Protein chains: 2
Amino acid sequence: MPVAAKPKRRPAKNPAASPKPYHHGDLRRVLIEAALQLAGEGGAEAVSVREAARRAGVSPGAPFRHFPSRDALMTAVAGEAQQRFRAEISAALAEVPDSDPLARFRALGLAYLRWAMRNPAHFEIISSGRYFVHDKAADLSRDNAELIGLVERTLADAFALGQLRSGDLKRVQIAGRALVYGFARMNIDGHFPRWGIAEDEAGATAEAILDLFIEGIARRPNG
Amino acid sequence: MPVAAKPKRRPAKNPAASPKPYHHGDLRRVLIEAALQLAGEGGAEAVSVREAARRAGVSPGAPFRHFPSRDALMTAVAGEAQQRFRAEISAALAEVPDSDPLARFRALGLAYLRWAMRNPAHFEIISSGRYFVHDKAADLSRDNAELIGLVERTLADAFALGQLRSGDLKRVQIAGRALVYGFARMNIDGHFPRWGIAEDEAGATAEAILDLFIEGIARRPNG
DNA sequence: AATCTTTGTATGCGGTGCTTACATTCACGA
DNA sequence: TCGTGAATGTAAGCACCGCATACAAAGATT
């Protein structure tokens, strides 16, 4: 199949050549982007190597030059998604002063929930542990450990300032994590209709349960 | 392929005939059982129609006489699993008197968590909303609605007896659900190693966070 | 300019869910 | 009692998937 008028390829790598060149340019990046898009459209399960290749305009085997397996692609996708997730959390934390750790804790939880509500499929890829092997993704694990450490310090600060009722911080942290993770997953897994929570109510409900939790762990002046 | 000595089939339906008869007997039941077993071994995703058929000693197309799709099979599997789930909860509730609704609430949460810890794959099939369409499974939905109603009444009773701090029962209920669901899913999704929770600690941790939550919503005599 | 490495294509294997056409057995009614 | 139709199995094949191998094209290096 002779390609129409092979354009002799300019020496410098100028990607403006109209008939698509043999080499893609940055296929790796494009594949990750396509996978993110696929996930956003049809859920995390809808991501397939072949379809990502199709969208990149490339043969079904090409992606395997960049990712040895589907899981490897998903790991890269998870890395990109987690980066965005962390960025949102950092932005939210930047608006709350260090002097009020409990407020920071709340802001963190809120940012977590908001991002998870808006990017359910991406959140699932990051957290479900079904799309890549966490042990192999050192960056992701380290990043996640940092987040855990941040929460730990925040809670410790809050307790030191007398904002918390109980000193069992690990228990508080795990419970808090379970709460937000559970709410995020209830959204992903389609539980909200069964609970009479409309789509536009999800944000308010998220805030409500987070506040309930915080009221539960906070020191209260009177009964 | 002449089957060895076709045994003339006794008139009455006696399944003791050793060379396997053309008709299976109760393929539907056996397929559900095989699927439950497959899920228990390799997670919910490991369930395939072909493998279930293989284990039932039947051709790959045979299951489709009983289930129009894989999802239909999974719906039946979910029905069976949910029945067992509800049985465990009912058993736990039977041991706590009606006079202490908050204790009943706790027992319910504990039974929920225990079953989810012991049957992660089955729990996932029931609750993930990825293996069957909930709208089509009227029995499951009704059953689930009953459970929600039970929790609602329990909380209302607790509030009436002055056991609760807040009267916003819907919020309490959703938060409680998110908590236990999140913890159960953290187990399924492999989050516990990252949180330093060993397998034999999961039960104790589950109890701990449930108690933290209950302490948070309970009326306390002194600050 | 020649060669090596990278990155694409072509092709094919085994797995999956699902469909259609056909075979066998059961159950019911004349 | 015996046909006949309904129920339930098999066989074969489709499209899709992840993935491996062999080959071709383009860049990079010397």
Side-chain angles (χ1 to χ4, degrees), chain A residues 1-3 5-15 17 19-31 34-35 38 42-75 77 130-133, chain B residues 1-3 6-15 17 19-31 34-35 38 42-77 130-133:
Chain A
M1 189 219 293
V3 166
K6 214 178 290 181
K8 196 69 174 181
R9 293 298 285 135
R10 294 179 202 74
K13 42 181 173 184
N14 186 338
K20 55 180 170 184
Y22 190 89
H23 285 288
H24 185 282
D26 194 357
L27 183 54
R28 184 188 162 86
R29 181 87 240 144
V30 172
L31 286 171
L38 281 171
E45 312 244 340
V47 178
S48 84
V49 177
R50 283 180 123 94
E51 182 61 29
R54 217 169 283 137
R55 297 211 175 181
V58 103
S59 81
F64 290 92
R65 290 289 169 193
H66 298 271
F67 305 100
S69 69
R70 176 180 188 265
D71 279 18
L73 169 60
M74 291 307 253
T75 304
V77 170
R130 186 171 20 246
Y131 301 104
F132 65 95
V133 185
Chain B
M1 189 221 292
V3 166
K6 212 178 294 181
K8 197 66 175 182
R9 295 297 286 132
R10 296 179 201 75
K13 43 181 171 183
N14 187 338
K20 55 180 170 185
Y22 190 88
H23 286 292
H24 184 283
D26 193 358
L27 182 54
R28 185 189 162 86
R29 181 87 238 145
V30 171
L31 287 171
L38 281 171
E45 313 243 339
V47 178
S48 84
V49 178
R50 283 182 122 93
E51 182 60 28
R54 219 167 281 138
R55 297 211 174 181
V58 103
S59 81
F64 291 92
R65 291 285 170 195
H66 298 270
F67 306 99
S69 69
R70 177 181 187 262
D71 279 20
L73 169 59
M74 290 308 253
T75 304
V77 171
R130 186 170 23 244
Y131 301 103
F132 65 96
V133 185

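Numbered from 1 within each chain, the chains take letters A, B, ... in sequence-line order. Excluded from the calculations below are hydrogen atoms, water molecules and symmetry mates; all remaining heavy atoms, backbone and side chain alike, are included. Just so you know, these numbers come straight off a predicted model, no measurement behind them.
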Report, one pair per line, the protein and nucleotides 16-18 of chain D atoms (nitrogen or oxygen only) whose separation is under 3.5 Å.
residue, atom, partner, partner atom, Å
D/dC17, OP1, A/S48, OG, 3.4
D/dC17, OP2, A/R54, NH2, 2.8
D/dG18, OP1, A/V49, N, 2.8
D/dG18, OP2, A/V49, N, 3.3
D/dG18, OP2, A/R50, N, 3.1
D/dG18, N7, A/R50, NH1, 2.5
D/dG18, O6, A/R50, NH1, 3.3

How would you list, by chain and number, every residue that makes a side chain to side chain contact (heavy atoms under 4.5 Å, CB included) with [X], sequence neighbours excluded?
X: A/R55; result: A/A34, A/Q37, A/L38, A/E41, A/E51
X: B/F64; result: B/V49
X: A/S69; result: A/D71, A/A72

Take the protein atom [atom1] of [X] and the nucleotide atom [atom2] of [N], then report the distance between them rounded to whole Å.
X: B/D71; N: C/dC18; atom1: CG; atom2: C1'; value: 12 Å
X: B/L27; N: D/dT10; atom1: CG; atom2: C1'; value: 12 Å
X: B/L38; N: C/dG17; atom1: CG; atom2: P; value: 10 Å
X: A/D26; N: C/dG8; atom1: CG; atom2: C1'; value: 14 Å
X: B/F67; N: D/dA7; atom1: CZ; atom2: C1'; value: 15 Å
X: B/R65; N: C/dT20; atom1: CZ; atom2: C1'; value: 10 Å

5′-ward residue of the pair A/P63/B/P68 relative to DNA chain C:
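Taking each residue's closest nucleotide, the earlier one in sequence belongs to A/P63.
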For the CZ atom of A/F67 and the CZ atom of A/R28, what is their distance to the nearest 0.5 Å?
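Atom-to-atom, A/F67:CZ and A/R28:CZ are 4.0 Å apart.
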Of all residues at least two apart in sequence or in a different chain, which pass the salt bridge (Lys or Arg N to Asp or Glu O under 4.0 Å) check with A/R29?
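By the salt bridge (Lys or Arg N to Asp or Glu O under 4.0 Å) rule, A/R29 matches A/E33, A/E80.
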Applying salt bridge (Lys or Arg N to Asp or Glu O under 4.0 Å), can you list everything that pairs with A/E45, at least two apart in sequence or on another chain?
B/R130
Under 4.0 Å from OP1 or OP2 of D/dG9: is there any side-chain N or O of B/H66 that close?
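Yes.
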